[in-house]
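As structure tokens, the structure follows; a few thoughts come after it.
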Amino acid sequence: MTELEAAYRPTGDFRLPHHSGSLLRGLLGRALRQTGCAISDEPCRAACLRPGRCTYSRLFDPPLPEPLPHRLLRGATEAPPPLLPLIPRPGETHADPLVLGVRVLGTLGDDDLQRLIAALMDIPTLRLGSAEDRIEIEQLRRRRERDCTLEIAPGEPRQGQLRVTFETPAWLTHKGRLHTAADLDFSSLFRHVYRRLTTLCALYGELRPEDEARFSELDRLAASVRVAAADLRAVRWERHSWEREARHPMMGLLGSLLLEGAVGVFQPLLEAAALTFIGKCTSHGLGRMRIEVPDLPAPPPRRSRA
């Protein structure tokens, strides 16, 4: 994966919406269309004629490869996009500077990298809201070594606790409905994590036969990890698509789960999922997690004997 980070300074009375992922994704997508395409120096003006060679298509709307690289993609209508915007947490409505990170999963070609950098530089030229809403770029830097490798493997057996915090809404569903604090146990969370990591490795990395063979054992072990405490709330809102002049419902879970049991095996998998996000609409910044090992309480002081 490759990570870039751009910092912008508002020059007017600019305010981010409460859920800013769709706005920032839309700005980056519009700027990326303006930087030109693979077969022309002109900006995108219509439906892409060469989606396999288009930077915007590869990063935001990649076609499903043929043949499908994994059975988990059967029935899918689109591939998970490799581009993840690192957006402010919900409610951070005023940021000075406004920092937008971009994480791209998989190998990023030279042309795509240069167009992505140009798009981040071009965002201040776009209209943000009212005519007075403007930002200027302050800094653009690379946060990680380009194409750094993320190794994903189970950890060492260890009993203990882990806290999983959803920093942006995690759109996790079961049978078509959003999970709740009452039914999101660790087995369900692990299956979401496994499906996401497996699919991404098949599309943008490497998936070995032994990786597949581990699932049954890990799934059985996941049933022994319990949710010791849950502080989750469901959030719902709408995003506005300027291109199609339509509104789309959005939803997700915010808050945290305290896990207890054989968590050591799953910690590296959860940390990998924290980098790749989880659930639906990850290309809008949804599903970003933070994994922490809670501090153990200090032992009670020994009582001295007279």
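Computed from heavy atoms alone, side chains included, the values below leave out hydrogens, waters and symmetry copies. Since this is a predicted model, take the numbers as computed values, not measurements. Note that the numbering runs from 1 along the sequence shown for the chain.
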Shortest non-hydrogen contact from L258 toward R163: CD1-NH2, 4.0 Å
OG1-CD distance between T149 and E151, expressed to the nearest 0.5 angstrom: 6.5 Å
Short N-O contact, R9 and E138, less than 4.0 angstrom: yes
Donor-acceptor under 3.5 Å (R290 side chain, A274 main chain): no
Closest contact, heavy atoms only, G252 versus P169: CA-CB, 3.7 Å
same_hphob_cluster(L207, V193) at 4.5 Å side-chain heavy-atom cutoff: no
Candidates T107, L275, L84 - the one meeting side-chain contact (heavy atoms from CB on, under 4.5 Å) with M1: L275
Heavy-atom side-chain proximity of R25 to R239 below 4.5 angstrom: no
Test item: P82 and Y204 side chains (from C-beta on) under 4.5 Å apart, heavy atoms: yes
Any donor-acceptor N/O pair, R196 side chain to T276 backbone, under 3.5 Å: yes
R195 side chain to L72 backbone, donor-acceptor under 3.5 Å: yes
L203 to A79 - nearest heavy-atom pair and separation: CD1-CB, 4.1 Å
Min side-chain heavy-atom separation T125-R30 under 4.5 Å: no
Validation row: Q161, L259 side chains within 4.5 angstrom (heavy atoms): no
Minimum side-chain heavy-atom gap P154-L221 below 4.5 Å: no
Audit row: L59, V102, side chain to side chain contact (heavy atoms under 4.5 Å, CB included) steps and yes/no: CA-CA 11 Å; L59 297 184; V102 175; over 6 Å; no
Worked check of side chain to side chain contact (heavy atoms under 4.5 Å, CB included) between L83 and F60: CA-CA 6 Å; L83 188 143; F60 275 104; 4.0 Å; yes
Candidate pair D183 and K175, rule salt bridge (charged side-chain N to carboxylate O under 4.0 Å, His left out), full reasoning: CA-CA 12 Å; D183 63 20; K175 294 183 178 179; over 6 Å; no
Within one Ile-Leu-Val-Met-Phe-Trp-Tyr cluster: L200 and L108, side-chain cutoff 4.5 Å: no
Aromatic ring proximity H19/H284, centre distance under 6.0 Å: no
Nearest heavy-atom neighbours spanning L126 and A31: CD1-N, 3.7 Å
Enclosure of E156 CD (heavy-atom neighbours >12, cutoff 6.0 Å): no
Verify same cluster id: I87, W237 (apolar side-chain graph, 4.5 Å): no
Residues R58 and D111 bridged, charged N to O under 4.0 Å: no
Aromatic ring pairing F266/F190, orientation class (parallel under 30°, perpendicular over 60°, tilted between): perpendicular
ILVMFWY network linking L86 to L150, side-chain heavy atoms under 4.5 angstrom: yes
T168 versus R89, side-chain donor and acceptor atoms under 3.5 Å: no
Exam field: side chain R115 to backbone Y56, donor-acceptor pair closer than 3.5 Å: no
No-hydrogen, no-angle side-chain donor-acceptor test under 3.5 Å, T2 and D147: yes
Value rounded to 0.5 Å, distance of NE2 in H192 from OG in S187: 11.5 Å
Check: H179 and L253 side chains under 4.5 Å, non-hydrogen atoms: yes
I278 CD1 to F166 CZ distance, which is reported to the nearest 0.5 Å: 6.0 Å
Nearest heavy atoms of G279 and L172, plus distance in Å: CA-CD2, 3.6 Å
From CA spacing to verdict: side chain to side chain contact (heavy atoms under 4.5 Å, CB included), R214, D219: CA-CA 9 Å; R214 290 188 177 121; D219 194 47; over 6 Å; no
Atom of M289, atom of L270 and distance for their closest heavy-atom approach: CE-O, 3.9 Å
Residue pair D185 / S188, side-chain donor-acceptor N/O under 3.5 Å: yes
Approximate separation, where rounding is to 0.5 Å, of I152 CD1 and L197 CG: 4.5 Å
Exam field: side chain T165 to backbone E167, donor-acceptor pair closer than 3.5 Å: no
Test item: L98 and L16 side chains (from C-beta on) under 4.5 Å apart, heavy atoms: yes
Same cluster (ILVMFWY, side-chain, under 4.5 Å), V104 and F277: no
Check: D61 main-chain N/O paired with S57 side-chain donor or acceptor under 3.5 Å: yes
Heavy-atom check, side chain of E260 versus side chain of V227, under 4.5 Å: no
Residues D231 and S256: side-chain donor-acceptor under 3.5 angstrom: no
Worked check of side chain to side chain contact (heavy atoms under 4.5 Å, CB included) between T198 and D211: CA-CA 8 Å; T198 299; D211 300 325; over 6 Å; no
